Amino acid sequence: MTPIKECLLNKSTKTNPIWLMRQAGRYLPEFREIRKSNPDFIKLCLNHTLAEEITLQPIKRFGFDAAIIFSDILMIPYGMGQTVEFKKNFGPNLGSLDLDKLQIVTEDNFIKKLSPVYKLLSNLNNSKDLENKDLIGFVGAPWTLLVYMINKVSPKKGLTEAFFKDEILINEILNFLDKFIKIHIENQIKAGATIIQIFDSWAGLIQNDFDKFLYSPTLSLVNHVKNLGVPVICFPRGISDYVKFSKIVKPSMINIDYDVDPKDLIKYLDIPIQGGLNPEALLSNKESLRKEIKRYLDIFKDHPYVFNLGHGILPDTRVDMVYELVNIVRNYK
Ligand code: CP3
């Protein structure tokens with residue numbers, strides 16, 4: 001059994017399993033090399049040969065306990081017919097949203113457009129490099145995808161009232177998202193994903209209607225994944241109440257951000273926990289990195305815990321700091 005699966009079953013593991021969010025990409029020189037000659041990011045995600053190579057880059061270097069496929073949460077709006085572009089130093093930029101066009105997108109259209117993602121998973125499923133490791137498929141949560149689809153760009157300055165003005169549009173999109181996210185989950189599992197992670201990167205922006213935007217739509221997905229017999233990790237980044245979220249949504253494991261106090265959590269949570277370390281710790285020096293890592297490992301000594309970060313690894317991270325991190329976690333006693 002893989003180390004992460006053991007952790008999910010509440011078994012004690014010799015050392016904490018480890019992988020890092022956004023481990024494939026950005027900070028790795030070998031990724032940047034490929035990216036240079038592949039300016040169209042969506043096309044790169046749909047090139048299953050290169051996507052396989054990129055997925056395995058961090059595994060070959062660091063021997064993490066899981067590979068996360070090289071893809072993006074915005075492949076779902078792309079599959080639903082909205083254009084998605086990534087501009088240098090700007091982030092994602094989505095095209096106009098046409099409900100009439102969305103209505104005619106069929107399950108077959110969607111699957112055909114994203115078929116290289118499923119091919120990527122089935123190829124990786126047979127990879128020697130992933131023996132006794134998990135293969136993580138992922139989706140964006142309905143709220144975070146709704147934010148991108150309506151706002152068109154990352155809501156770095158938050159959302160204005162205008163975002164919420166068309167309730168009919170919001171409800172329609174949420175319905176479509178529930179349908180297509182489930183299709184994407186199902187096809188990733190069929191192709192060989194052994195765990196699904198749900199990224200709700202902008203959950204912290206929700207101020208009202210938590211049930212409508214957070215709990216109900218996420219619970220619907222979590223139940224779908226569980227019914228397909230695969231564990232599901234939720235990462236509702238930036239919410240204040242991880243305990244309430246976990247009690248309502250009941251994921252197999254919860255990924256925490258670096259704003260929550262892990263000591264508080266273990267008092268009230270009995271499900272496995274993942275993550276927490278501030279990715280900025282990797283930009284400091286080895287001594288403070290060690291201290292920060294030890295703080296998490298000490299707190300989770302008697303709790304099923306997968307080591308990970310409290311958000312994605314930052315593009316400026318030095319590769320030698322990642323080696324150091326893996327070393328510290330693997331040799332912790
Ligand atoms: O480990 C991995 O990196 C696997 C693949 C992966 C990517 N995106 C590749 C990517 C994963 C798991 C994601 C998730 C993702 N994408 C999230 C959720 C996690 C999080 O970080 O909050 C979100 C919000 C997105 C949307 C997105 N994609 C943004 C905001 C950006 C631009 C800024 C950035 O993160 O670099 C992307 C582009 C993107 N996705 C890149 C990569 C490797 C960088 C593309 C480039 O080289 O320009």
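Here the structure is a predicted model, which means the values were calculated and not measured. First listed ligand is number 1; within each ligand, the first listed atom is number 1.
Protein heavy atom nearest atom 18 (C) of ligand 1, with residue, atom name and distance: Ser201 OG, 3.2 Å. Scanning the protein for heavy atoms near atom 25 (C) of ligand 1, the closest one is Ile73 CG1, 3.5 Å.
Arg26 places a side-chain N or O within 3.5 Å of a backbone atom of Ile313 that can act as its donor or acceptor partner.
Listed by number with element, the atoms of ligand 1 under 4.0 Å from a non-hydrogen atom of Pro92 are 29 (C), 30 (C), 31 (C), 32 (C). Close approach to Gln23 involves these atoms of ligand 1, each under 4.0 Å from a residue heavy atom: 1 (O), 2 (C). Short contacts between ligand 1 and Arg35, defined as distances under 4.0 Å to a heavy atom of the residue, involve ligand atoms 45 (C), 46 (C), 47 (O), 48 (O). Interface of Ile69 with ligand 1, defined as ligand atoms under 4.0 Å from a residue heavy atom, comprises 4 (C), 5 (C). The Phe70 neighbourhood of ligand 1 comprises atoms 43 (C), with distances under 4.0 Å to a heavy atom of that residue.
Taking only non-hydrogen atoms, the option from Tyr148, Phe138, Phe199 nearest to atom 24 (C) of ligand 1 is Tyr148. Taking each of Arg22, Lys156, Met75 in turn, the one with a heavy atom nearest to atom 39 (C) of ligand 1 proves to be Arg22.
Only the backbone of Ser71 comes within 4.0 Å of ligand 1, judged by heavy-atom distances. Under 4.0 Å from ligand 1, not a single heavy atom of Trp202 appears. Residue contacts with ligand 1, taken as heavy atom pairs separated by less than 4.0 Å, involve His311 solely via side-chain atoms from C-beta onward.
Between Lys179 and Glu107, none of the side-chain N atoms (NZ, or NE/NH1/NH2) sits under 4.0 Å from a carboxylate O, so this pair counts as no salt bridge.
Aromatic ring orientation, Trp143 versus Phe164: parallel (interplanar angle below 30°, classes split at 30° and 60°). By the 30° and 60° cut-offs, the orientation of the rings of His184 relative to Phe110 is perpendicular. Between Tyr305 and Phe300, the ring planes lie parallel to each other; the angle is under 30°, not in the 30° to 60° tilted range.
Applying the side chain to side chain donor-acceptor pair (under 3.5 Å) test between Glu30 and each of Arg61, Arg35, Gln57 identifies Arg61 as the sole match.
Here the CG atom belonging to Leu145 is positioned 13.0 Å from the CZ atom belonging to Phe180, to the nearest 0.5 angstrom.
Heavy-atom contacts from other residues, nucleotides or ligands closer than 6.0 Å to NZ of Lys301 number 12 or fewer.
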